[in-house]
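One structure is given here, and the rest of the page talks about it.
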Amino acid sequence: MDMAAIKNLAEGGKIKWSVHCAQRIMERGISREDVLSCIACGEIIEDYPNDFPLPSCLIFGMTVAGKALHVVAGTDAEQIYIVTAYYPNTVKFEEDLKTRRT
């Protein structure tokens, strides 16, 4: 996946929010602005080209307040589909919050 293309789609408002995502970010205290901030300053840390129904990726970035955030997003090159967002922790990720523990 191409982070520049994802950022361009986000800046153009070409975003679809899944019902799952809307529920999860509300439960986790994450705003849509936080998700957009993560995408705007973020980087792809995992790529899932064979995801169904669309290729997706895991984006690492920061919230508006500067807190680390992960966003899972898919794209069909015309829209971004936000699957979920969560605050990463060191149980599943290394101290950099980018490298998955094995």
| Whether over 12 other heavy atoms sit under 6.0 Å from K7 NZ | yes
Kindly give the heavy-atom pair with the smallest separation between [X] and [Y], and that separation in Å.
| X | Y | value |
| --- | --- | --- |
| P88 | A68 | CD-O, 3.5 Å |
| W17 | I25 | CZ3-CD1, 4.3 Å |
| C38 | V71 | SG-CG2, 3.6 Å |
| L97 | F60 | O-CD1, 3.7 Å |

Could you check if a side-chain atom of [X] sits within less than 4.5 angstrom of a side-chain atom of [Y], using non-hydrogen atoms only?
| X | Y | result |
| --- | --- | --- |
| M3 | N8 | no |
| Q79 | K14 | yes |
| L69 | I30 | yes |
| N50 | P55 | no |
| E95 | T90 | yes |
| Y87 | K67 | yes |

| task | Measure centre to centre between the rings of F93 and H70, then say whether the value is under 6.0 Å. | result | yes
At what distance, to the nearest 0.5 angstrom, does [atom1] of [X] lie from [atom2] of [Y]?
| X | Y | atom1 | atom2 | value |
| --- | --- | --- | --- | --- |
| E43 | L58 | CD | CG | 10.0 Å |
| C57 | I80 | SG | CD1 | 9.0 Å |
| I39 | L9 | CD1 | CG | 9.5 Å |

Give a yes or no on whether the backbone of [Y] and the side-chain of [X] come within a donor-acceptor separation of less than 3.5 Å.
| X | Y | result |
| --- | --- | --- |
| D34 | S31 | yes |
| S37 | M62 | yes |
| D47 | M1 | yes |

| Should Y86 and R28 be marked as a side-chain contact (heavy atoms from CB on, under 4.5 Å) after you check the CA-CA gap, both sets of side-chain angles, and the distance that decides it? | CA-CA 7 Å; Y86 60 90; R28 296 170 179 155; 3.7 Å; yes
| remark: Paired with C21, the side-chain contact (heavy atoms from CB on, under 4.5 Å) test is passed by just one of V35, V72, I82, namely I82
| task | For the pair E46 and R100, evaluate salt bridge (charged side-chain N to carboxylate O under 4.0 Å, His left out) and give the outcome as yes or no after the intermediate values. | result | CA-CA 9 Å; E46 293 181 0; R100 194 177 293 273; 2.8 Å; yes
| Y48 and V83: same hydrophobic cluster, using ILVMFWY side-chain contacts below 4.5 Å? | yes
